[in-house]
Amino acid sequence: MNVTKQMVLVLTVVGVISSLLMAASDTLTRPLIEQHKREELQQAIFEVLPEAKECERDGGQECKNIGTDELRVYKGLNAANEIAGYAFVAEGPGFQGTIQMMIGISPDLSQLFSMKVLAQVETPGLGARIAEETDKKDFFEQFAGLQAQGMDSVSAGSQKYQGQPTTAEIPNFIQSVKNETPDEPNEIQAITGATISSKAVVSIINQSLFKLRQIIQ
Amino acid sequence: MTTIILAILSMGGMCALLSFLLAGADKKLRVEQDPRVEKVLAALPGVNCGGCGFPGCSAFAEHVVAGDARINGCAPGGQATAEKIAAIMGVEVGSMEKQVAVVLCHGGTKEAARSAVYNGVKTCRAAMFIGGGGKLCYYGCMGYGDCVTVCPFDAIAMNDNLLPVVDPQKCTACGKCVEACPRHLIELHPINHTMFVFCKSQDKGPAVKKACSVGCIACRVCVKNSPIENGIVMNGNLASIDHAICPPSDIVVEKCPMKTIQIVKYDLK
Amino acid sequence: MIIVIRIIANSLFNSVGNIMELKTFKHGIHPEYYKELTQDLATVPMPLPKQIIIPLQQHIGVPCQPAVQVKDEVRVGDIVGNSEAFVSSPVHTSMSGVVKKVEPYPHPGGAMVNSVIIEANEQDQSFPPKKEQREAASYSAEDIRTAVRKAGLVGLGGAGFPTHVKLTPPKDKPIDTVVINAAECEPYLTSDHRMILEQPEEVIYGTQLIMKAVGAKKGYIGIEANKPNALEILRPLLSAADQIELLALEVKYPQGAEKMLIKAAVNREVPAGGLPMDVGVNVNNVTGAVAVAKAVRDGLPVLERIVTVTGKGIREPKNVLVRVGTPIKEVIEFCGGFTPSARKIILGGPMMGIAQTTLDVPVIKATGGILILTDEEISELKPHTCIHCGKCVHACPMGLIPSKLGALVERELYEKLPEYNVNDCMECGCCVYVCPAKRPMVHWIKVGKAVLRSRKK
Amino acid sequence: MEEQLFVISSAPHVNSEETIPKIMYTVVLALIPAMLCAVIFFGFRAVLLIATCVIACVLTEYVFQRTRKKDVTITDGSAIITGILLALVLPPKLSLLSAVLGSVVAIALGKQVFGGLGHNIFNPALVGRAFLQATYPVAMTTWVKPFFYVGSPDAISTATPLALMKFESQATAYWKLLIGYSGGCLGETSALALLLGGAYLLYKECIEWRIPAAYLGTVFILGSVFWLADSSKYPDPIFQLFAGGLMLGAWFMATDMVTSPVTPLGCWIFGIGVGIMVIIIRLFGGLPEGVMYSILMMNAITPLLNRYTKPKVFGSRKGGE
Amino acid sequence: MAEKAVQQTTGIPFLHELKRGVWLENPVFRQILGTCPTLAVTNTVKNSLGIGLATSFVLITSSLIVSLIRKLVPGQVRIATFTVIIAAFVTIADQFLAAMFPAISKSLGPFVPLIVVNCIILGRHEAFASKNPVKASLVDAIVMSCGFITTVVCLGIVRELLGSGSILGIQILGEWFKPWVVMILPAGAFLSLGIGLGLMNHLARKKA
Amino acid sequence: MKYLTIFISASVVNNFVLSYFLGICPFIGVSNKIDSAIGMGMAVTFVMSLTACISWLINHFVLIGLNLPFLEYAAFILVIASLVQLVEMFIKKTAPALYQALGIYLPLITTNCAILGLALLGVLREYTLVENLFFGVGAGVGFTLALIIMAGIREELELADVPVSLQGAGITLITAGLLALSFMGFAGII
Ligand SMILES: Cc1cc2nc3c(=O)[nH]c(=O)nc-3n(C[C@H](O)[C@H](O)[C@H](O)COP(=O)(O)O)c2cc1C
Ligand SMILES: Cc1cc2nc3c(=O)[nH]c(=O)nc-3n(C[C@H](O)[C@H](O)[C@H](O)COP(=O)(O)O)c2cc1C
Ligand SMILES: Cc1cc2nc3c(=O)[nH]c(=O)nc-3n(C[C@H](O)[C@H](O)[C@H](O)COP(=O)(O)O)c2cc1C
Ligand SMILES: Cc1cc2nc3c(=O)[nH]c(=O)nc-3n(C[C@H](O)[C@H](O)[C@H](O)CO)c2cc1C
Ligand code: SF4
Ligand code: SF4
Ligand code: SF4
Ligand code: SF4
Ligand code: FES
């Protein structure tokens, strides 16, 4: 057998066999993996929508995205199959990289139910405290019951962290304060030493809320 | 099922295409080179780690064949690879008679007179510029150990007398020290050469006597007592042993008034 | 007292000089000068020694072959060693006597050099009398060169390059300028200074002869501004027609290095690896110029020279007129001997001179000074690692990175040296002087150059 | 006479008076005003921190050199400087244990693993600080007001002028910046004391003037450009110069001879590079201050600068031989 | 080494081989291979174990195959063939993890796919499996895996202990210990591996 | 602007070597001389640009087009490895000078995790073809930058008195650690 033929043959046979194996393994595992994904999403939705028992489904399988590709929104349904609130995925730049959160909001979009960080790469012990559970009051717990109306409409233009521009049109639905206890119903306290991450969270949520209102209304 | 078929088709297709290309390229673009490069390359682990200091195994192989890379330079390959390469390169280790470096000066601090206090860079090379490092003898060991630093096998050490001593066990006769010694005091000799004139001074007797208590004063006693005719001859002001014909001789050693001629004993296991 | 006034006068002159913009080069250093030890001491002739040692190599180039044999009788000025080679220079005996030995003998350079040892006898020990001075222009260039070669003249600024070679510029490198090097930038040394003060006319005459020999239209005599009296004494002797100009140079080491001097005088840069003639300049030491004058006019070889014997280690610092070949031991004894703390004998100045192991070495043609340093002045060599302060980089007149050169040699990475232009180093020592880590860069550089040279072979 | 041997060595046979310890102790002297200000503003705490760092640095150096069987050179003053400078760039309330950790890292990882004084690539004090910053990010960004030790125990925590500017758009008065009446690291607050020390170092020729000149100049010019472009968004250049660690960095840290270039052109580029980096980090980065990171980053390219900014060799025509 | 190893696998105890993999020719410390995962995913012991086991799985299985077909593969397509085999196993491992242990799969992030190009695997194939019979190759793959796992787990222990005060998520160091955040950051990874390497060399030199 | 952001992010802020831990083996292996660092860097940049294009094409036309996501690793590495090998053979034959400068580094690169990392990250971030190209070039430049800086430092360290046990990879890793510490200053810029 000449070398050329051997080369083609060996590589092709190896390729065929391995693709066969991979495809077989894929066929076996794909349903499981997809199920994990679904469950994960569902779990997150139910976690941020405490009253929801069910979500609006997409052909009976997945929770249906009623939003856009940019802002995924899911409708939560309570035991009575009435709307229990919306869960949406807010995403934007933090101190180091992208922060991704699942947020639950009341059906009239006035009050946050809960916030859960899905992904973040902030500094552990610092920015990462937006997601970490600590012995002190957790940062994310502050979002439960937070008013999302905006008490004033001061522009957010002075915020200097980088990345997504906070355009002046976006109202401060919620706000963060530093070194003092929040006294307005739409305020949360920033994490000491991680103001940047805290403000990023607030700003991402504000932007998403802005878009959410456009979608829902 | 379609997935599996598609997967097989696309993967198989890509493999076939690429291997075809590679095969074609191999025919058309093959570059002739020293066949030993291929062999060395085959002996290497092929990790392409770059740890040898060359960019990749093939580069290392080329340099080995070209002779400017250490044969044992491949860390992942370890000793075994080094041996294989040695075999390919024809560096026959066992067949050659073992040689050992010999330092031909016995004028350490105790024996050699000083001319000045040397306050310069403490290497032999540097001392050469500045009055020979403060020893009166212009030919002897300066004792700053360039040979010691240069030996890749830790085979030379300085003794208390500030003379370098070669460990015959460790010495591989690589010749690094021979090159390093600015006074050309070190020579490589087969281990069956055991009797040496441990002096390189070309000075006349009185000058040598002043400079060193073990220097060759050209008294010709050894020549007279040579065990074989012309076994030891005078080379200028220095006795010279012709190792090819002259066996070691206790009498010569005994008669040398300066104890310049000595017989070394190699203790090799 | 006088010294104090001198210093004040000097500093006054310096400030005047600053206003006048003294000529100089970039970088360099300002070491302590210690010239006041000897600069006002008139030269005193030394009694004749009993025995002289004439090394057969006192120049750069091919060594001489002995022209005499043991037991030969020689007269002052006789040639005792000669060579056919062009780049070489004959040696003469500076005394009448009998050749005792011809054998290797310690040389100021540090090695053993074949030397002719002559014991003085009762013969006449004086030199031929001074002859009538002719117009410099009346000699032909060839006459001057022949006379210079015959007289065994070599550069007296320290390097000892045969002068007749320098006076024979190749056709394609015409010389338009002669610079007489009277900078004497080495601390301590004052022999050039005394030479100007004591024989100013000869300085001018020698300069004229050199200009004639190389066909230069313009001459400069460069003197560091710390020798105002030398400038004063020469100024009235110069006429406009001579085309010779006096230059007051900033007091900075190494102002006397020829490349730096040329930069200061005519603002030309000798190319790296090149020679002054590459920029049309010829540089000669001032004592050398005087020697040229005497060689051409009187046929007088270099038989004696002014040697500054100085330093804290000598009892009576002096400028001494010494016959070439005199062992330095006798010169030192003539100056009252050592003080108890004398520890280091240097032939030449403190920046470039060579430390000696023995007092047997003779004074040679290029020996301008004998410096004796004491215990307190010599620091124990304990080089620290380089702290990258960059002081050496700022000091180096050649624009090198001495710290790197030193470190490369220290780690034996010789192959990287050319990238850092090691061969452009002139071993002036500025870098070592300023180094707070006391690193012996010059020593390393010497080693590095030698290794590169031996590798090239 | 005959018996005594002469000393021989290579030329030159004389040296200047300057030595490494002399330079180092001059720097210590130049740091005294800054240390005094630290003690005045932050009280006994400052003394404690400085002493802890110096002792820890010197001890680490001693232990390291002993274990490596090298000459112990703790008296040359370089470890003392590292200790002082490290202390001066720590927040006043940092725990002493953390300070010790920083000091050990500074000397061990910042200096001795490279072979000790002269061989280190990065500024040891800043290595120590960067390590602490990454190790205890919260403690390293918790500041107290000056004179906290006389005031009431509450409301002592504050922010640095740069953080105030960046996150709250609040300016701090120039006089406060000059004398150091603001939050910040121990030794960075008082620009005046640092200028004094810097001037002394310049006078003593212990530092290369090109580095602070290029550094401060670049910050000033770039600061002006941004300020002129949008003064509502960017602080003014004077503020840029006097706030934060810039003065301390420019006079005492960027000028560390071991970790800065030796060539004149290299020094200019080094200074300009640090300046650009500081402005980028301050104006566009996540952090309010970038002096430390900018110096460390330029330290890293110092070997390259030395290599590619060789001075022109005397007599070389354009582009070398 | 190759021939010797063949003899050794039959004659000399497995322990000796193990020593070779874990100490004498430790892939990370001695051969400086597979440094990327060693640095990237050793911030906790759990991750270290995960990447170690996943890599070992791929190394052992693919070594087996490579050794089996070693005589058939022509030189020019060797790398391509080997990588395809490795990729197949990695894909399978990845799918398996994602299906069975979604949590671990998530925290190992993109480093499971990068096992494909982990230099250790291709390195052992080129150096060993492609030249040796099946049994010897298997032994080699196993001991090298042990070496890799030991190294990453050691590093994981150090980093998790100092970086979070815990091991395998169990708090070890008490309240007094303030975790060194740096240890779980990139810088800490480089520093600890560098220091580890230094210690290792030091010990080895002392022994010698 | 978007392209610039991607480029700067990949080259400096999120440097492959210093913050993603990709391509560490060659980073340690080939950073001992500046000259080889430059050669290697250019070769990596070249291969990364190539990879960025190819991986995008494969991803879009094979993996997504035929819905075979699980072939990702195998297909990428197969194609990259073979193509680099082809390129190497090609320049070795046609441009020996270029081969001496760049080609010799190519075999080192094929099986390096930075390349596959690039391909996978590009897919993950759903870049367009042009964006992916900028990402690839940026990552290559960043790798080169880190390599050259490290080579400069290591050439300097040749003159230093590093403890024997740390010489080589040890001190390189520690230096990389300190470099990573200082690169943290870029956090939040992009
Ligand atoms: C190593 C390091 C990591 C950091 N990580 C974060 C982070 O994850 N999130 C954040 O908001 N700030 C981070 N910072 C930024 C500083 O802590 C910054 O000073 C702080 O955000 C200012 O907030 P403060 O006003 O609450 O102190 C980090 C700083 C450093 C040095
Ligand atoms: C660093 C250095 C310093 C020198 N200083 C002087 C000096 O002060 N006076 C002098 O005449 N020559 C000095 N020279 C020698 C000159 O460079 C040059 O060789 C000499 O002036 C040429 O003249 P000559 O051949 O007559 O000696 C110095 C050389 C060097 C390298
Ligand atoms: C604050 C300060 C600023 C200086 N500015 C300059 C300057 O702008 N230009 C200059 O040539 N020298 C200046 N100098 C003088 C330098 O200190 C030094 O004398 C000069 O750079 C000599 O360096 P060199 O030997 O490398 O030429 C300045 C000195 C100080 C203290
Ligand atoms: C002007 C000057 C500045 C210095 N700055 C620092 C510094 O910022 N950090 C430091 O650790 N050492 C500094 N040193 C001390 C010393 O150079 C330092 O310990 C070395 O970097 C250690 O090798 C400085 C020294 C001088 C002379
Ligand atoms: S190199 Fe030569 S002179 Fe130096 S110590 Fe060795 S034998 Fe003696
Ligand atoms: S350098 Fe070479 S020849 Fe000399 S002693 Fe060492 S091993 Fe032997
Ligand atoms: S490097 Fe050479 S030329 Fe430069 S200062 Fe030093 S000795 Fe002088
Ligand atoms: S003067 Fe000395 S310490 Fe300073 S850079 Fe030069 S060699 Fe280094
Ligand atoms: S494991 Fe990433 S390059 Fe080796």
Taking every heavy-atom pair that is under 4.5 Å apart, which of E/Ala88, E/Gly188, E/Ala87, E/Gly194 has the most such pairs with chain F?
-> E/Gly194
How far apart are the closest heavy atoms of [X] and [Y], and which atoms are they?
{"X": "E/Leu191", "Y": "F/Ile174", "value": "CD2-O, 3.6 Å"}
{"X": "F/Cys25", "Y": "E/Cys36", "value": "N-SG, 4.4 Å"}
{"X": "E/Pro113", "Y": "F/Leu116", "value": "O-CD2, 3.7 Å"}
{"X": "F/Ser165", "Y": "E/His202", "value": "OG-CA, 3.4 Å"}

Which pairs count as salt bridge (charged side-chain N to carboxylate O under 4.0 Å, His left out) when at least one residue sits in residues 131-141 of chain F, sequence neighbours excluded?
-> F/Lys2-F/Glu131
Verdict with reasoning, E/Phe190 to F/Ile24, per side-chain contact (heavy atoms from CB on, under 4.5 Å) | CA-CA 10 Å; E/Phe190 281 114; F/Ile24 306 288; 3.8 Å; yes
E/Ile85, part contacting chain F, at a heavy-atom distance under 4.5 Å =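 Neither part.
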Stepwise side-chain contact (heavy atoms from CB on, under 4.5 Å) test for E/Leu197 and F/Leu166 | CA-CA 7 Å; E/Leu197 203 81; F/Leu166 281 171; 6.0 Å; no
Calculate, to the nearest 0.5 Å, the distance between atoms CD1 and CD1 belonging to F/Ile77 and E/Ile79 respectively.
->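 Here the interatomic distance stands at 10.0 Å.
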When rounded to the nearest 0.5 angstrom, what is the spacing between OG1 in E/Thr35 and CZ in F/Phe27?
->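 The distance works out to 10.0 Å.
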So which of F/Ala176, F/Ala74, F/Pro163 has the largest heavy-atom pair count under 4.5 angstrom toward chain E?
->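 Most heavy-atom pairs within the cutoff with chain E belong to F/Ala176.
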Chain E contacts, top residue of F/Val164, F/Ile80, F/Leu71, F/Ile171 (heavy-atom pairs, under 4.5 Å) |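 Counting heavy-atom pairs under 4.5 Å, the top option is F/Val164.
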E/Val182 and F/Leu181: side-chain contact (heavy atoms from CB on, under 4.5 Å), yes or no, with the steps?
-> CA-CA 9 Å; E/Val182 70; F/Leu181 265 186; 4.2 Å; yes
Pick one of side chain, backbone, both or neither for F/Phe76, based on which atoms fall under 4.5 Å of a heavy atom in chain E.
->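 Interface part for F/Phe76: neither.
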Report, as yes or no, whether the 6.0 Å neighbourhood of atom CZ on E/Phe101 holds more than 12 heavy atoms from other residues, nucleotides or ligands.
->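 No.
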Within 6.0 Å of NZ in E/Lys178, more than 12 heavy atoms from elsewhere =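 Yes, because the 6.0 Å sphere around NZ of E/Lys178 holds more than 12 heavy atoms from other groups.
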Just checking heavy atoms, which of residues 91-98 of chain E are less than 4.5 Å from chain F?
->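 The residues closer than 4.5 Å to chain F, in numerical order, are E/Thr91, E/Asp94, E/Gln95.
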